[in-house]
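Here, residue 1 is the first one in the sequence, and each next residue gets the next number. Read the numbers this way: they start at 1 and go in the same order the structure lists the ligands and their atoms.
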Amino acid sequence: MSQRNVVVGVAGGIAAYKACHLIRDFKEAGDDVRVVPTANALNFVGAATFEALSGHPVDTGVFERVDEVQHVRIGQEADLIVVAPATADVIARIAAGRADDLLTATVLVATCPVVVAPAMHTEMWHNAATQTNVATLRSRGVTVLEPAHGRLTGKDSGPGRLLEPQAIAELARTVATTGPLGRPLEGKRVLVSAGGTQENIDPVRYVGNRSSGRQGFALADIAAHKGAQVTVVAGNTEALETPAGADVVRVTSTRDMEREMRSRAPEADVVIMAAAVADYRPAHEATSKLKKGQADASLERIELVENPDILRGLVDMRDNGETTAAIMGFAAETDNALEYGKAKLARKGADLLMVNDVSGGKVFGQARNSGWLLSRDGGVATIEDGTKHEVAAQIWSAIEAAGHDTEA
Ligand code: CTP
């Protein structure tokens, strides 16, 4: 990936320390990073820290290094601007088109993608003034991420916490390659399954698969930042951070996942089965650990029985009028991916099917993905190679363009 000129704007909030990790993340990805803090940000983190991490001098005002005209140049040269943390004050100043310090002047000059990651107390976030400013920025194509829910500076907790630096970097990179996220899913309810299901053999062993849950989590994350109310029913997802804006329901077995998906499908507008479902389970789950050579319940031959096809069952619910949701599945194929995908779409009756070529260890547990998004009317959209977040953003754009999110 080519090197980007990334400007990290840092406003004066306690979460300013997290900007250090964000700067590191971009630097490690090979980007050139310029840090532009507000004067108040330097009350929390010293300029020396930002200079050492970025390898560039750090100024806050428009009257420093005037000979270099940097209040114009930094914005002109930027490929991506990320303001994190963005306080209520800096959001207000950007929305008003102010240019009274280096950060706001830089944002006003820039024509590149701008991503704002808010951090403030819940009352300030909910205040009509802030919400109006956020709506103004979004209407101008600025991506204002949803803050996380959680512990704030004092004893209180609620929405207003800065997203984790890695999540901000991932989302900002996605915006840089696929465009602003916008709010097309405002008011929509999205239900996503993610990860692999596991079927117990005995208390210590299980039948499972290599799914990491990354693609399902990325779909949930992008949908939440596009304004949807998102629930993820997650099987095994290794040590992945859960998407900040989504409710996560943990399950283990296929039948648990089926129950949780079916109970939520009637309220959903879009249902996505991104989970890698264990197709079979042991006919008998031993209640104590099986021993080698045990005569009655041998480990050498485990009898398997077929699990329900959750996707097929959800399609039946749609056909019976139990849900009006648009239903999307995934197809992991190792050969003839497109051909088998088309047949699978017809067989499963889903509205959409994302076909992945998983030959040679591709996709499972990997950071990148690509493939085709097939729709029931015969449409084939190519999903370009990208991170799982970039793929998720492309999938949501295709769902929105086809109107699947508005059918309900
Ligand atoms: N799926 C499901 N329930 C199952 C198996 C799969 O809901 N018991 C869903 C997956 O979440 C995915 C889609 O069906 O969205 C296709 O999964 P895949 O494993 O590719 O297909 P299978 O139906 O298992 O078909 P095959 O193994 O024959 O390729």
Heteroatom distance test ([X], ligand 1): nitrogen or oxygen, under 3.5 angstrom:
X	answer
Ile310	yes
Asp279	yes
Ala275	yes
Gly329	no
Ala276	no

query: Who's closest to atom 1 (N) of ligand 1 heavy-atom-wise, of Met354, Lys344, Arg312, Lys348?
result: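 It is Lys348 that holds the nearest heavy atom.
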message: Does this structure show an ion pair linking Glu306 with Arg281, if we count only N-O contacts that are shorter than 4.0 Å?
response: no
query: If you measure from the Lys or Arg side-chain nitrogens to the Asp or Glu carboxylate oxygens, is any gap between Lys226 and Glu400 under 4.0 Å?
result: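 A salt bridge links Lys226 with Glu400.
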Is any side-chain heavy atom of [Y] closer than 4.5 Å to one of [X]?
X	Y	result
His389	Leu171	yes
Tyr17	Val10	no
Gln70	Asp59	yes
Asn5	Asp31	no

- prompt: Relative to the heavy atoms of Met273, which atoms of ligand 1 are at a distance of less than 4.0 Å?
  reply: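 The list of qualifying atoms is 7 (O), 11 (O), 12 (C), 15 (O).
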- prompt: In ligand 1, which numbered atoms sit nearer than 4.0 Å to a non-hydrogen atom of Ala332?
  reply: 20 (O)
Residue and atom name of the nearest protein heavy atom (relative to [atom]), distance in Å to one decimal:
atom	result
atom 12 (C) of ligand 1	Phe330 O, 2.9 Å
atom 7 (O) of ligand 1	Leu311 N, 2.7 Å
atom 28 (O) of ligand 1	Arg347 NH2, 4.1 Å

message: Do His71 and Asp101 pair up side chain to side chain, a donor and an acceptor below 3.5 Å, judged on atom types alone?
response: no
task: Check Val232, Val233, Thr237, Asn236 against Arg250 for a side-chain contact (heavy atoms from CB on, under 4.5 Å) and give me the one that passes.
output: Thr237
task: Please state which part of Pro308 comes within less than 4.0 Å of ligand 1, counting heavy atoms only: side chain, backbone, both or neither.
output: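 Only the backbone of Pro308 comes within reach of ligand 1.
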query: Taking the non-hydrogen atoms of Asp309, is any one of them nearer than 4.0 angstrom to ligand 1?
result: yes
Contacts under 3.5 angstrom, residues 190-204 side chains, donor-acceptor by atom type, not counting sequence neighbours:
unit_1	atom_1	unit_2	atom_2	d
Ser193	OG	Ala274	N	3.2
Ser193	OG	Ala275	N	3.2
Thr197	OG1	Thr254	OG1	2.9
Thr197	OG1	Ala278	N	2.7
Gln198	NE2	Tyr206	OH	3.4
Glu199	OE2	Thr254	N	2.9
Glu199	OE2	Thr254	OG1	2.8
Glu199	OE2	Asn307	ND2	2.9
Asn200	ND2	Glu285	OE2	3.3
Asp202	OD1	Val204	N	2.9
Asp202	OD1	Arg205	N	2.8
Asp202	OD2	Arg205	NH1	2.5
Asp202	OD2	Leu290	N	2.9

